[in-house]
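Protein chains get the first letters and strands the later ones, always in sequence-line order, with residue 1 at the start of each.
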Amino acid sequence: MSNIKPSLAKGTRDFSPQEMTKRNHIFDTIKKVFKKYGYAEIQTPSMENLSTLTGKYGDEGDKLIFKILNSGDFLSKVNPDLLAVKNSNAVTSQLSEKALRYDLTVPFARYVVMHQNDIALPFKRFQVQPVWRADRPQKGRYREFYQCDVDVVGSESLLNEAEFVLIYQEALSNLGLKDFSIKINNRKILSGIAEIIGKPELIIDMTVAIDKLDKIGFDGVSKELLERGFTQEDIDRLKPVILLEGTNDTKLTTLKQVLSASQIGLNGIEEIELVFNYVQTLLGKDGEQPKLELDITLARGLNYYTGCIFEVKTNEVAMGSIGGGGRYDDLTGMFGLKGLTGAGISFGADRIYDVLEELNLFPESTAAGTKVLISNFDPAAENYALPLLYQLRASGISAELYPSAAKLKKQMGYADAKNIPFVLLIGSEEMQSALLTLKNMHSGEQEKLSIEAVIARLREV
RNA sequence: GUGGUUUUAGCUCAGUUGGUUAGAGCGCCUGAUUGUGGUUCAGGAGGUCGUGGGUUCGAGCCCCAUAUUCCACCCCA
C-alpha cells in the first residue's frame, strides 16, 4: 500500500460532529415547515442517466455536470475516428452514461413522469439531498452542496406561489434570520418588456444584462446591452423600467402604463398582484410580514421559468442568494409528459449555514450527546458496570462506559473533551456499598447514590 | 473556461538580502496528583517547508511546471 497524503476532492468538505449538529438543525427546521404546508418527502438517486440531465441547464450548465466514466474497457466502445481528432464533446456520450445530479428539479420531473400513474395531482413533494456542480469553488460556492426543494406539479393556482413566500418567511425566521428580502418577478413581465421594445428574441440577453444592475450599475448594464445587440434607443426605453423604484404598488402602477400594449406583460403583472393578495389574506393582520419586493431586475439563469420567479437574499451578510425558484409550465414536457405545470423553490442549505455561522445564530445547546460516562477501573468494576449501563440506556439516558481500564485522569479528560456532564465512578468501595459516586462535571460536586437514584437524578436534568 | 492569491508542526501562523541546527502560540504526550477533568507548574514528542524539476558552493526564500486554498469574472444555491 503506497502512502498517499490524504486530501479532499476540490470543493468538497468533511462534516465533523459539531458541524453535523448545526447542519441537521437547518435541515430539520426547513423540513418541518415543508411538512406543515403539506409536502411529502422523496429521494432520488445521486446519479442519473447522463441523457436525463444534458440539455436541461443550457450550454453553461452542461459543462458543469459531473460525468461518471463508464466501467470496464470503456475505450473499446468509442469510435476511433472521434478519438483521433480529440473531439471531447463528441466522445463524451460514448465514455459516460451516468452523471451526478446537478439539481433536484430535473430528477423530480423525471420522477413525476415515471410515476405519473401512482401519484395524485396536484403532487406536492419536498427533497433534501446533495447536488454536484463542477464549478470553481469560491465564497458560498461548493462542488457538493445540499439543496432543499419544495415543488408542486399539476396546480396552476398562484396560491402555491403565495405559500412559497410564507414558507421562506417561516423557515428562515425560524432559523434566526431577521433581515432578508424575498424578491419576486415574473417572466411574463420580462417578456412584455422585450416585446414593447420590439426585441422579443433577445429576452434572454436582456434579462442576463439587467440582472447585474446591483453589481455593475446602470452604466455597466447599458454597456452589456449594447454588446448583446440592443441600440441606444432601446436602452433609453428600458431605463425607466430598469431603474424602477418605490413601493411594490408604485412599481406595479408604472409597469401597467409601460406595458399597456403588451398582453403578456399585463398578464404577468396580474399574476404578481394575485400573489400579493393571497399573501395578505393568508397572513391576515397578525402574521409576520415578509419583506416581499417586486424586483424587475431579477432574472435567474434557468431558462425554464415561465411565470413567477423568486430569489431570497440576506441583508445581514454579503452572500449570494440563499434560495430561489419559480414556476415552469411544462415541467415534464422534456420527458414527454405535456401540459403539466410545476412551481417550486429551493433553499441553499450550505449558504444558509455560512450565514448563520457568521451571524452566530446557531442555538447554544444543540449538542445532545452522552449524558453520563461510567468510569472503568478494572475488569471487576467493568463487569459490575455493564448491567448498570444497560439499565441507564433502558431508561432513555444516553450513557457510555469507558472501554478500557485507563487512568482515571484520562477518563475524566475524555468526559471533559466530549462535554459529558456527569461521570459515574464505580470502584471497590462503590461495589461493596452499592452506592455509586456521581460526579457533576460542571460544578465538581460528587454524591453517593443508588443506581435508581442516579437514574432519577439524570432524568431530571 | 479566464485572472489573481494561498500552501511551513495536529491547528493558527512567524521566518530578515539566498547562508550553520526552521520558530511561536494553541493542542498533544509524560510527571507534580497510583481514585478525579476543566486551572497551575515542570518536562517531552512532533516538520521530505504542497509535489516534481531547475538555478546556485549553498534554496523555506529565486525560476519553471503541477496540485491545492481562498477571491473575482462567467454562471449559480
Does the C70(B) base have a donor-acceptor partner in the side chain of Arg136(A) within less than 3.5 Å?
no
Categorize Ser321(A) for me: base, sugar-phosphate, or nothing, with a 4.0 angstrom heavy-atom threshold over every strand shown.
sugar-phosphate
No-H, no-angle donor-acceptor pair, Lys10(A) side chain to U68(B) base, under 3.5 Å:
no
Please say which of Phe347(A), Tyr353(A), Phe15(A), Phe27(A) ends up in a ring pair (Phe, Tyr, Trp, His ring centres under 6.0 Å) with Tyr146(A).
Phe27(A)
Pairing nucleotide - G44(B), Watson-Crick or G-U, each distance under 3.5 Å:
C28(B)
Under 4.0 Å between any heavy atoms, over every strand shown, what does Gly325(A) touch: base, sugar-phosphate, or nothing? Just pick one.
nothing
Interatomic distance at C1', U69(B) relative to G27(B), whole Å
23 Å
Please give the distance between the C1' atoms of U51(B) and G60(B) as a whole number of Å.
14 Å
Report which part of the nucleic acid Lys410(A) touches: base, sugar-phosphate, or nothing (heavy-atom distance under 4.0 Å, all strands).
nothing
Rounded to whole angstrom, note down the C1' distance from G3(B) over to C11(B).
31 Å
Can you check the distance between A22(B) and G37(B), where both ends of the measurement are the C1' atom (answer in whole Å)?
36 Å
Which part of the nucleic acid, if any, lies within contact of Gly413(A), taking any heavy atom under 4.0 Å across all strands shown: a base, the sugar-phosphate backbone alone, or nothing?
sugar-phosphate
Separation between the C1' atoms of C13(B) and U56(B), rounded to whole Å
30 Å
Should Asp350(A) and Arg13(A) count as an ion pair when the cut-off is N to O under 4.0 Å?
yes
Let's test this: given Watson-Crick or G-U wobble pairing with both distances under 3.5 Å, identify the partner of U66(B).
G50(B)
Do Gln411(A) side-chain and U36(B) base share a donor-acceptor contact under 3.5 Å?
no
If we require ring centres under 5.5 Å and near-parallel planes under 30°, does Phe145(A) stack on A77(B)?
yes
Once you apply a heavy-atom cut-off of 4.0 Å, does Gly140(A) come out as touching a base, just sugar-phosphate, or nothing?
base
Within the structure shown, what part of the strands sits under 4.0 Å from Gln138(A) by heavy-atom distance: base, sugar-phosphate, or nothing?
base
Over all strands shown, is Phe377(A) touching base, sugar-phosphate only, or nothing at heavy-atom distances under 4.0 angstrom?
base
Under 4.0 Å between any heavy atoms, over every strand shown, what does Tyr142(A) touch: base, sugar-phosphate, or nothing? Just pick one.
base
With a 4.0 Å cut-off on heavy atoms, is Val423(A) in touch with a base, just the backbone sugar-phosphate, or nothing at all?
nothing
Over all strands shown, is Lys63(A) touching base, sugar-phosphate only, or nothing at heavy-atom distances under 4.0 angstrom?
nothing
Under 4.0 Å, counting only non-hydrogen atoms across every strand here, what does Thr105(A) touch: a base, just sugar-phosphate, or nothing?
nothing
Assess whether one donor atom and one acceptor atom, taken from the side chain of Glu430(A) and the base of G35(B), lie less than 3.5 Å apart.
yes
Hey, does the side-chain of Asp416(A) have a donor or acceptor N/O within less than 3.5 Å of a partner on the base of G37(B)?
yes
Assign each of Gly427(A) and Arg133(A) the nucleotide of RNA chain B bearing its closest heavy atom; nearer the 5' end lies the nucleotide of Gly427(A)
Any side-chain N or O of Lys409(A) less than 4.0 Å from the OP1 or OP2 oxygen of C29(B)?
no
Just to be sure I understand the rule, does Lys313(A) reach a base, reach only the sugar-phosphate, or reach nothing, if contact means heavy atoms closer than 4.0 Å?
nothing
Nearest-Å distance once atom C1' is located in both C62(B) and A24(B):
27 Å
Tell me whether the side-chain N or O atoms of Arg141(A) pair up with the base of C75(B) as donor and acceptor below 3.5 Å, since no angle test is needed here.
yes
